[in-house]
Amino acid sequence: MNFGGVVEQVATRNEFPLEKAREVLKNETIAVIGYGVQGPGQALNLRDNGFNVIIGQRKGGKTWEKAIADGWVPGETLLEIEEAAEKGTIIQYLLSDAAQIEVWPRIKPYLTAGKALYFSHGFGITYKERTGIIPPADIDVILVAPKGSGTSLRRMFLEGRGLNSSYAIFQDATGRAKERVIALGIGVGSGYLFETDFKREVYSDLTGERGTLMGAIQGILQAQYEVLRENGHSPSEAFNETVEELTQSLMPLFAENGMDWMYANCSTTAQRGALDWMGPFHDATKPVFEKLYKEVACGNEAQRSIDTNSKPDYREKLEEELKALRESEMWRAGAVVRKLRPENN
């Protein structure tokens with residue numbers, strides 16, 4: 001498919017329908033290891049699409065109980081991690097990056113010849129010298145990375161829509177890796193699948209998370225909010241002009257029609273200002289993105305994540321940082337604004 005003059009390999013549900021995916025995987029048992037961020041959405045979508053799915057999860061924790069609430073049956077479709085890994089012919093390794101490192105020695109003995117090891121993030125394999133995740137040579141190693149959270153994947157599936165995903169093959173030991181990975185991508189609810197490799201996936205993913213998806217967007221929103229407040233605007237006005245109008249009005253429009261369409265369909269005053277100021281914002285932020293990408297590519301960001309997430313007090317310190325974000329004036333104002341939306345009254 002041609003994207004702005006660049007030809008990419010993509011797979012769609014028209015050329016690889018769900019019926020074909022079911023046929024490819026009819027003799028497979030898909031063991032989803034981990035039921036935290038990506039696990040529920042992918043597992044539930046696969047189950048609803050008619051695939052044979054089991055869950056591997058530590059017994060007794062919150063996610064074990066969540067799995068039961070979602071209809072997985074202990075001893076049948078909900079098992080301890082090792083038992084699920086032994087029974088699965090496809091192991092969907094959907095633990096957090098830190099947990100993947102910790103659990104790997106328990107999983108590896110069950111990766112016997114002909115099985116497939118599936119990731120939704122290239123971290124463990126790309127940085128294998130740091131993570132110790134080195135798969136045996138006689139299995140397929142594949143990736144489907146939905147471009148959104150597991151919650152979004154599930155919500156869009158229930159709405160009859162698909163969330164776009166990337167796919168990659170790190171190791172094809174069986175000769176079936178491609179049909180397996182495409183079938184799984186269709187099964188989990190992808191809108192379309194575009195080809196990548198493990199390294200490009202993790203480089204783009206880490207850059208995106210730290211950039212426009214989360215890190216940069218919070219930094220930019222906070223900066224504008226602060227400038228408005230420092231110049232006498234109320235919290236409600238500052239939040240509405242910074243966040244609410246963006247998320248509730250404009251994002252749906254340019255998601256549907258593109259930024260060029262949105263520019264063409266706003267006031268001439270807004271057009272002129274947006275066209276004039278996008279250059280300075282680009283020039284100010286591109287050096288930050290270049291530095292960020294270099295930090296990702298050289299492995300510094302991965303090592304920082306591994307080091308931080310492995311500390312015994314990681315959860316406590318994380319909660320302190322998240323609490324500070326949650327209790328900032330901007331997001332306290334946001335909580336009030338959300339309650340005032342018409343659908344909540």
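Bear in mind the structure is a predicted one, so any value in this text is a computation, not a measurement.
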> Any chance NZ of Lys294 has more than 12 other-residue heavy atoms, nucleotides or ligands included, within less than 6.0 Å?
Replying inline: no

>> Surrounding CD of Glu102 (heavy atoms of other residues, nucleotides or ligands, distance under 6.0 Å), is the total greater than 12?
In response: no

Between [atom1] on residue [X] and [atom2] on residue [Y], distance to nearest 0.5 Å:
| X | Y | atom1 | atom2 | value |
| --- | --- | --- | --- | --- |
| Arg180 | Glu28 | CZ | CD | 4.0 Å |
| Leu18 | Glu23 | CG | CD | 12.0 Å |
| Leu25 | Leu184 | CG | CG | 5.0 Å |

> Between the side chain of Gln171 and the main-chain N/O of Ile139, is any donor-acceptor distance below 3.5 Å?
Replying inline: yes

> Between Met262 and Asn257, is a side-chain contact (heavy atoms from CB on, under 4.5 Å) present by the stated rule, with each step listed?
Replying inline: CA-CA 7 Å; Met262 195 180 78; Asn257 300 302; over 6 Å; no

> Out of curiosity, does Leu111 fall in the hydrophobic cluster containing Val181 (side-chain heavy atoms, cut-off under 4.5 Å, transitive links)?
Replying inline: no

Is any side-chain N of the basic residue among [X] and [Y] closer than 4.0 Å to the acidic one's carboxylate O?
| X | Y | value |
| --- | --- | --- |
| Arg326 | Glu319 | yes |
| Arg106 | Glu82 | yes |
| Lys59 | Glu83 | no |

> Can you pull the salt bridge (Lys or Arg N to Asp or Glu O under 4.0 Å) pairs that have at least one residue in residues 201-220, sequence neighbours excluded?
Replying inline: Lys147-Glu201, Arg210-Glu301

>> Show every salt bridge (Lys or Arg N to Asp or Glu O under 4.0 Å) that has at least one partner inside residues 270-283, sequence neighbours left out.
In response: Arg272-Asp276

>> Applying the side chain to side chain contact (heavy atoms under 4.5 Å, CB included) criterion to Arg130, which one of Ile306, Ile101, Asp307 satisfies it?
In response: Ile306

>> Under a 3.5 Å threshold, yes or no: a donor from one side chain and an acceptor from the other, between Thr196 and Ser166?
In response: no

> Between Glu244 and Gln248, does any side-chain donor sit less than 3.5 Å from a side-chain acceptor?
Replying inline: no

> Does the ring centre of Tyr293 sit less than 6.0 Å away from the ring centre of Phe289?
Replying inline: no

